[in-house]
Structures are given as C-alpha cells and as structure tokens.
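One is the number of the first residue; the rest follow in order along the sequence. Indexing begins at 1, ligand by ligand and atom by atom, following the structure's order.
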Amino acid sequence: MRKYVVMGVQGSGKGTQATLLCREFDLVHISVGDIFRWHVQHHTKLGAQVRRTMAAGELVGDDQVEAVVRERLQQHDWNYGFVIDGFPRNGRQAEFFLESYDIDGVIHLDLPDEEVHRRVLNRRLCSRCGMDYNLIADRPEVEGKCDVCGGELVTRADDTPEALAARLREYHGKTKPVLDIFRRKEYVVSVDARPDPDTVQRDIRQKLGL
Ligand code: AMP
C-alpha cells in the first residue's frame with residue numbers, strides 16, 4: 001500500500017505527476033479540486049456553495065474539504081494506495097489528515113512564481129471530459145477542441161490574473177507552513193517542477209525510491 005500527497009503551487013503539474021504515478025503503480029488519483037469542479041459543473045448543492053469561492057481563487061472551508069476527503073477515502077477503491085493532490089492546504093487540514101491516515105511521502109513540486117504565471121494563464125481545460133491542456137507545451141491538435149473527446153476547451157474560472165494572485169497569496173501564506181509540518185516528520189521530497197513532465201516524474205520516483 002502506497003499513500004502519497006502531491007503539493008505545489010498552482011500550475012506546478014500536481015495533476016499530471018499524480019496521474020503518471022498512479023498509472024504506473026495502480027494507485028487511485030484523488031484531486032480535491034477536481035471533485036469540487038465536478039460539483040460545480042453538475043450544479044449540486046455543494047457546487048453552489050463553493051462556486052464563488054473557487055472562482056475567486058480562495059480556499060473552500062475546512063469542514064467542506066474534510067467531508068469531501070473523508071467520503072472519497074471511505075470508498076476504499078484504492079487497493080494499492082492513492083495519490084492525493086490539492087490537499088492538505090493549511091495547518092488544520094494537515095492535522096486532520098495526519099490523525100486519520102498514515103502517509104508514505106509528500107511530493108513537493110517546486111516552481112518559481114514567474115513560471116506559475118506563464119503556465120497558468122496558458123492553461124485550458126476540456127469542458128466535457130476535464131482533460132488539461134497548455135497552450136505553450138501541450139497544445140491540442142485542433143485549436144479550441146479536446147484531442148480525446150472533441151469537447152470545447154475553456155479557461156478555468158480561477159485561471160485569471162486576479163484569481164491567480166489570490167491563490168499565490170493563499171499558497172505562500174497557508175500551504176507552505178503545511179510543508180514545514182510534513183518536513184518535520186521527514187516525509188517530504190522536493191522536486192524541481194520546471195523540466196518536462198517525464199523528467200519530473202523520473203526525479204520523483206528516484207527520490208521516493210520507486
Ligand atoms: P486546484 O484544482 O487544486 O487548484 O483547486 C481548485 C480550487 O478548489 C482551489 O482554488 C480552492 O478554491 C478549492 N480547493 C481545492 N482543494 C482545496 C483544499 N484542500 N482546501 C480548500 N480549498 C480547496
């Protein structure tokens with residue numbers, strides 16, 4: 001059983017790296033942001049509660065986040081383990097997580113803020129299947145259309161300069177201290193997130209001894 005957390009600023013490739021790791025080791029990828037986006041897209045009650053907060057680039061309340069994480073992990077579909085991304089994002093969430101689950105490692109994707117701006121403002125998302133694109137490194141074959149399902153590519157509601165600035169503030173103010181909590185427990189491997197995805201993945205596996 002392998003249980004990992006992926007942490008990093010927006011646009012650092014958390015989703016991409018989690019997906020690559022899960023594919024190789026048969027782990028389940030749990031993205032808290034994706035779960036919230038699903039609720040917003042499907043107009044659920046929770047979606048209505050979190051839509052504005054998300055669009056502003058602010059953090060959703062801890063109770064809602066913990067409920068979502070607890071419910072997701074209780075599904076126990078992760079026979080070989082999981083990679084959770086986008087959680088925990090503040091001290092309280094980290095404590096909740098450490099009290100309830102033992103983890104094997106925290107992967108910290110390190111990316112300078114200038115590079116975050118460049119990546120995030122060029123990010124597009126398929127409105128149908130959720131696939132991520134980047135107009136710099138990972139362009140779709142047909143402009144504006146998803147390679148996988150043909151759905152329309154859109155900009156995430158929180159990928160605007162204003163929301164990005166808010167998210168960077170949240171990250172530096174609240175999420176970095178979480179890394180310090182994990183560092184004290186010697187869980188953290190830090191990886192340079194600037195190279196291409198395969199190189200970053202190799203570095204992660206090497207540092208985790210996989
Ligand atoms: P992400 O896709 O991880 O960037 O998450 C998108 C948005 O979902 C964030 O900007 C928050 O509004 C919300 N969100 C995701 N994970 C969390 C979390 N652990 N705590 C609070 N809000 C979260």
Distance in Å, Asp159 CG paired with Glu162 CD, rounded so as to fall on 0.5 Å steps: 11.5 Å
Side-chain H-bond candidate by donor/acceptor type, Gln201 with Arg205, under 3.5 Å: yes
Pairs touching residues 48-84 that satisfy ring pair (Phe, Tyr, Trp, His ring centres under 6.0 Å), sequence neighbours left out: His76-Trp78, Trp78-Phe82
With sequence neighbours excluded, residues passing side chain to side chain contact (heavy atoms under 4.5 Å, CB included) with Asp158: Arg156, Ala163, Arg167
Contact residues of ligand 1 (heavy atom under 4.0 Å), by chain and number: Val32, Gly33, Phe36, Arg37, Met54, Glu58, Leu59, Val60, Val65, Gly86, Phe87, Arg89, Gln93, Arg156, Asp158
Residue pairs fulfilling salt bridge (charged side-chain N to carboxylate O under 4.0 Å, His left out) with at least one residue in residues 183-196, sequence neighbours excluded: Asp180-Arg183, Asp192-Arg194
Pairing of Arg118 and Glu114 as salt bridge, 4.0 angstrom limit: no
